[in-house]
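Order of appearance sets the numbers: ligands from 1, and atoms from 1 within every ligand.
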Amino acid sequence: MNKAVPVHAPMNQFDVKDQQLLVGGKRLDDIAALLDKEVFYAYDTEVIKRQIAIFHQHIPAAIKLHFAIKANPYPALINRMRPLVAGFDVASHKEMLLALQSGMPSEDISFAGPAKQIPEIRAAIIAGVTLHVESETELQRAIEIGQQLSVKPIVAFRVNPAFELKASGMKMGGGPKQFGIDEERLFELLPELDYSQFDFRGFHIFWGSQNLKQDAIIEAHDNTFALAQKLIDVTPVAVRTINLGGGFGIPYFAGEQRLDLTPIGQNLQRLLEQHPLMSDIELVIELGRFLVAEAGIYAAKITDIKVSRGQTFLMTNGGLHHHLSNSGNFGQVIRKNYPVAIGNKMGNVPSDAKVMAVGPLCTPLDTLADKMTLPQAEVGDWLVIFQSGAYGPTASPQDFLGHPHVTEVVL
Ligand SMILES: Cc1ncc(COP(=O)(O)O)c(C=O)c1O
């Protein structure tokens, strides 16, 4: 029996009209004219709103939704997100300033990240955002800086849980990690701390990222609630917030499917009922890519087509310097293709030939599509990479080889 060839999840989040892909209701030619640029990222606000609606449809209302800005720190996008979510999670001083300037209240901003530098800690204390401290030294520094400023730092502990998330794109907990304080150490520390020195909020239990397995997420939530309960039990003061992590993935590669939040939401509801004490605690799930990745495309112009020893290469004005994660060099072990289309020939039947799409960098790593079947392309067509709304320009080496930076637009 022939094994079915895995295919990409359908990229049906955007409308198509007259074979033209529409992002924010606009054709790629029109977006290019609007920007006066022939290579760009475009983000569709309606698709973001749909993802947020899916979250609220399934996840109990008692759990708040925060956006992890690192997934897409484009200022206009952050400003659009501001009224759509209950808070922002930031990972640097710059992200913190963007979050504050969007108008998000400081009490709804949390700052997590290993190796926070002293000026970052100082700025966070002045701003009044919650510091998710990741080491005992960081706590001590926050207390000392707070004393110098006569301001009590607002502190939550990032926990490095002992459990490890199965089947995660990126594991951020379990085993030795640079993130957070080991849970076993916290059990010793929490009963002894002088809580008059800081404004204690609670815990941040982040276990991983880009997970598409409902069962693994359910297990991580079970473990997170159990750990949170144990931490609460040894903490002599009130716990006001628990960040339950995030980790919801999106389908990038052939064979992957969209996450069904139904069983995840049902399990969270069960956990809330099992832990009535949690009803007095603000619970948060923080998501990056789940909210924004599906809403973004990267569009590059095909500027030349060449054939080398029988292999067709679509040569484009875009590449790895704009979109490192699509090139397979941002955490993937083996490069796999993102979903790709010819944005002005949507619905055209793919030709039999497997083509390469590449960029202008002098490295074979600069591959946008590796032996994919695409509709017959011509010079002037649009090569579109879907699932590009997260970890795009700011996760890419834009200065590498000195080609122009990419433009972004929120539609
Ligand atoms: C602490 C923390 N929060 C949130 C995220 C966002 O993850 P994702 O974009 O997969 O939702 C990450 C990713 O590394 C993270 O480390």
Side-chain angles (χ1 to χ4, degrees), residues 43 48 51-52 54-55 59 63-74 77-78 81 84-92 95-96 98-99 108-116 120 124 129-135 138 156-161 164-165 167-174 177-181 202-213 216-217 220-221 224 241-253 256 258-259 261 264 283-296 324-326 330-332 387-396:
Y43 312 118
I48 296 176
Q51 287 296 102
I52 292 174
I54 290 172
F55 177 91
I59 303 301
I63 299 175
K64 292 185 173 174
L65 173 63
H66 281 202
F67 174 51
I69 282 183
K70 59 166 71 87
N72 191 328
Y74 182 52
L77 186 130
I78 294 173
M81 293 300 272
L84 304 177
V85 293
F88 285 148
D89 291 291
V90 302
S92 68
E95 285 190 4
M96 184 186 81
L98 289 170
D108 298 320
I109 301 174
S110 53
F111 185 170
K116 284 185 209 69
E120 291 180 304
V129 313
T130 304
L131 268 169
H132 285 183
V133 301
E134 311 235 2
S135 74
E138 206 173 284
F157 293 105
R158 175 143 175 209
V159 188
N160 175 23
E164 193 165 306
L165 179 60
S168 202
M170 229 174 269
K171 291 181 181 140
M172 315 279 285
K177 288 277 181 308
Q178 70 266 52
F179 311 112
I181 303 175
F203 303 104
H204 179 197
I205 306 173
F206 193 84
W207 31 263
S209 183
Q210 177 50 17
N211 198 297
L212 285 171
K213 299 254 181 342
I217 295 177
H221 285 158
T224 302
T241 304
I242 295 179
N243 183 318
L244 303 166
F248 298 2
I250 60 131
Y252 287 106
F253 308 122
E256 293 181 342
R258 290 192 168 84
L259 196 56
L261 295 191
I264 295 170
L283 299 173
V284 170
I285 285 184
E286 58 172 307
L287 298 173
R289 78 184 83 221
F290 182 84
L291 303 182
V292 293
E294 299 246 8
L324 184 70
S325 59
N326 168 70
F330 190 67
Q332 295 97 312
Q387 309 298 72
S388 295
Y391 306 107
T394 57
S396 301

N/O donor-acceptor pair under 3.5 Å between [X] side chain and [Y] backbone:
{"X": "Gln332", "Y": "Phe330", "value": "yes"}
{"X": "Glu134", "Y": "Arg158", "value": "no"}
{"X": "Glu286", "Y": "Ala68", "value": "no"}

Is the closest heavy atom of His132 to ligand 1 under 4.0 Å? no
Tell me whether ligand 1 is touched by Phe290 - counting only heavy atoms on the residue side and a distance under 4.0 Å.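 The answer is no: ligand 1 sits nowhere under 4.0 Å from a heavy atom of Phe290.
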Glu286-ligand 1 polar pair, N/O distance under 3.5 Å: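 By distance alone, the answer is yes.
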Looking at [atom1] of [X] and [atom2] of [Y], how far apart are the two atoms once the value is rounded to the nearest 0.5 Å?
{"X": "Gln210", "Y": "Leu259", "atom1": "CD", "atom2": "CG", "answer": "9.0 Å"}
{"X": "Glu138", "Y": "Ile181", "atom1": "CD", "atom2": "CD1", "answer": "8.0 Å"}
{"X": "Ile217", "Y": "Ile285", "atom1": "CD1", "atom2": "CD1", "answer": "9.0 Å"}

Mark up the atoms of ligand 1 that fall under 4.0 Å of a heavy atom belonging to [X], in ascending order.
{"X": "Gln210", "value": "10 (O)"}
{"X": "Gly288", "value": "8 (P), 9 (O), 11 (O)"}
{"X": "Tyr391", "value": "6 (C), 7 (O), 8 (P), 9 (O), 13 (C)"}
{"X": "Ala68", "value": "4 (C), 6 (C)"}

